Amino acid sequence: MSGFDGNESEMERFHRLSDQEAEAILDGTAPKSALGDYLARLRSAESVDETTATAHIAAATGAVRLAPAPGRVSRRYRWRRRTVFGSFITAIVAKVLAASVALAAVTGGVGAVANSAAPGDPLYKVDAFMERVGLFDGGTQERLQEAKRLVSRNQVSEGLELAGNAIGELRDGYGPAAAALEQAAVQVQTRTQTSEQYRDDLTEMLRIMTRQMEQQQVNQVNETADQVRQTTREMVNQPTEAPDSTSTTMVPSTTAPGSGDGYHGGDDSGGQGGSGDAGGGGH
Amino acid sequence: MIGPGFDSVLDAARAGAEWAWSALYRDLAGQVLGYLRAQGAAEPEDRLGDVFLQLARNISTFAGDEAAFRSWVFMVAHHRVIDERRRRSRRREHPTGDDRELEEAAPPAPAADEQALSNLTTDSVYSLLEGLSDAQRDVLSLRIIAGMTIPEIAVILRKRPGAVKALQRRGLDTLRREMGVPL
């Protein structure tokens with residue numbers, strides 16, 4: 001049963017502890033030993049960094065205030081009900097931002113505050129945590145903003161994946177968009193460098209998609225996502241960096257007449273309906 | 001320890017007072033984080049946040065003194081560890097640290113003198129615990145890092161106190177052997 005079976009030399013070196021000896025080691029009354037020192041190291045408490053602590057305390061406080069009164073508790077209570085507590089949450093955001101100031105100063109990013117942090121930013125984990133518990137109005141819009149920022153930083157695959165995940169969680173008719181973005185992310189996975197022109201095109205498409213999301217233009221979102229997919233396919237088919245002549249076809253052809261933010265890419269598939277192979281197009 | 005003022009802190013925490021949650025968090029978060037790290041949690045800070053969220057959600061149902069509260073905190077933390085362990089075992093990432101596997105897989109470390117011990121990084125401090133079985137690690141982490149007593153641990157782990165004592169003893173034996181340091 002123990003780890004000492006069948007090894008004579010080991011048994012000679014070690015004798016099994018009695019309960020009394022074990023207790024003495026654990027309560028520190030045994031003679032000083034390396035094991036005792038090791039346990040003391042283990043015992044010394046971890047410290048939690050101030051930003052994380054502030055976020056956790058704020059989240060816990062918020063959770064109490066958001067929780068339904070005992071007695072009429074639905075165990076399936078949804079965290080994302082937060083409208084009534086807008087002002088309280090604003091206070092939480094303010095606190096986390098305040099705690100972020102020092103960190104932001106260190107990292108040099110005035111904009112590096114929790115609620116707008118992208119993956120890889122020091123505060124992203126705090127942001128993600130707060131979003132997960134529903135204390136920041138994160139949601140799809142914000143994650144698309146993060147995605148846009150990642151793409152513009154040349155983390156194209158990560159950005160598109162993030163956008164796909166964000167949209168994929170919505171479900172209501174956005175399946176094609178999620179699938180197209182996921183395909184796009186996979187397509188560019190092996191690309192470490194992409195031309196600035198492509199990145200600009202993709203960030204513009206993500207910007208347009210965000211606006212379309214706001215207006216719940218489901219079909220347009222799906223179309224724009226398909227444009228993203230086509231753009232990335234074209235990009236990876238380029239032997240090196242995309243020459244300017246091809247990239248011009250992908251620049252959004254100004255703001256579309258009449259229909260606000262619909263992304264009407266200037267390529268020859270036209271702006272209608274997108275192509276049919278966008279991963280489950282007729283959803 | 002918060003001490004004599006604990007009851008009023010608890011009342012205020014139930015009412016959603018931020019100062020009270022701050023007091024509870026600052027009293028316990030370091031140990032909970034240490035416990036989660038010792039148990040090899042993948043995202044210990046996130047799990048720490050989860051623990052305090054769950055405490056906050058259920059604080060209205062808690063009744064008891066400070067010792068009971070601490071036990072509850074580590075019970076919640078332990079349940080998060082169990083959840084993660086289940087997910088991992090489904091993925092079969094690593095074999096669990098059964099004693100016999102340990103025998104085969106991990107030869108005793110070279111004798112570690114005290115200087116070497118004091119130079120251990122945080123990660124390597126916890127890495128010695130990887131050689132323990134899950135049950136041994138549960139007991140020793142709760143005993144050493146959380147400062148729980150044998151009866152408290154028995155309640156959290158749903159074991160008899162005698163079984164907890166035996167796991168504690170065998171866990172220490174394993175650690176000594178891993179360190180190559182006789183008593």
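Convention: sequence-line order gives letters A, B, ...; per-chain numbering from 1. These figures come from a predicted structure and were not determined experimentally.
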Notebook entry, point to check: Got a donor-acceptor contact below 3.5 angstrom from the A:Y38 side chain to the B:V125 backbone?
Noted result: yes
Checklist line | Between OH on residue B:Y25 and OG1 on residue A:T52, distance to nearest 0.5 Å | finding: 6.5 Å
Notebook entry, point to check: Which atoms of B:L33 come close to chain A, meaning under 4.5 Å heavy atom to heavy atom: side chain ones, backbone ones, both, or neither?
Noted result: both
Item checked: Over 12 non-hydrogen atoms of neighbours within 6.0 angstrom of CD in A:E182 -> no
Next item on the list: Considering only NZ, NE, NH1 and NH2 on the basic side and carboxylate oxygens on the acidic side, decide whether B:R26 and A:E50 come within less than 4.0 Å.
Entry: yes
Check: In Å and rounded to the nearest 0.5 Å, what is the CG to CD distance from A:L17 to B:Q168?
Finding: 10.0 Å
Notebook entry, point to check: To the nearest 0.5 Å, how far apart are CD1 in A:I57 and CH2 in B:W19?
Noted result: 13.0 Å
Margin query: If we define contacts as heavy-atom pairs under 4.5 Å, which of B:A13, B:A17, B:S22 has the most with chain A?
Written below: B:S22
Notebook entry, point to check: Below 4.5 Å, heavy atoms only, C-beta onward: do A:E23 and B:I150 meet side chain to side chain?
Noted result: yes
Item checked: Heavy-atom side-chain contact between B:L140 and A:L39 under 4.5 Å -> no
Item checked: Straight-line distance of A:S44 OG to B:I144 CD1, nearest 0.5 Å -> 11.5 Å
Next item on the list: Give, for atom NE2 of A:H56 and atom CG of B:D46, the distance between the pair rounded to the nearest 0.5 Å.
Entry: 6.5 Å
Item checked: Pairwise distance CG(A:L35) to CZ(B:R177) - rounded to 0.5 angstrom -> 13.5 Å
Next item on the list: Side-chain contact test, heavy atoms from C-beta onward, threshold under 4.5 Å: evaluate it for A:L42 versus B:L128 and give yes or no.
Entry: no
Item checked: pair A:E21-B:R169: side-chain heavy atoms closer than 4.5 Å -> no
Next item on the list: Specify the closest pair of heavy atoms between B:L53 and A:A63, including all atoms of both residues, with the distance to one decimal.
Entry: CD2-CB, 3.7 Å
Notebook entry, point to check: Out of B:R14, B:K165, B:Q54, which one racks up the most heavy-atom pairs below 4.5 Å with chain A?
Noted result: B:K165
Note to self: On a heavy-atom basis, which atom in B:G30 and which in A:V48 lie closest, and how many Å separate them?
What the structure shows: N-CG2, 4.4 Å
Check: Relative to chain A, which segment of B:A29 carries a heavy atom at a distance below 4.5 Å: side chain, backbone, both, or neither?
Finding: both
Item checked: Close side-chain approach of A:E46 and B:L36, heavy atoms under 4.5 Å -> no
Item checked: B:A20, part contacting chain A, at a heavy-atom distance under 4.5 Å -> neither
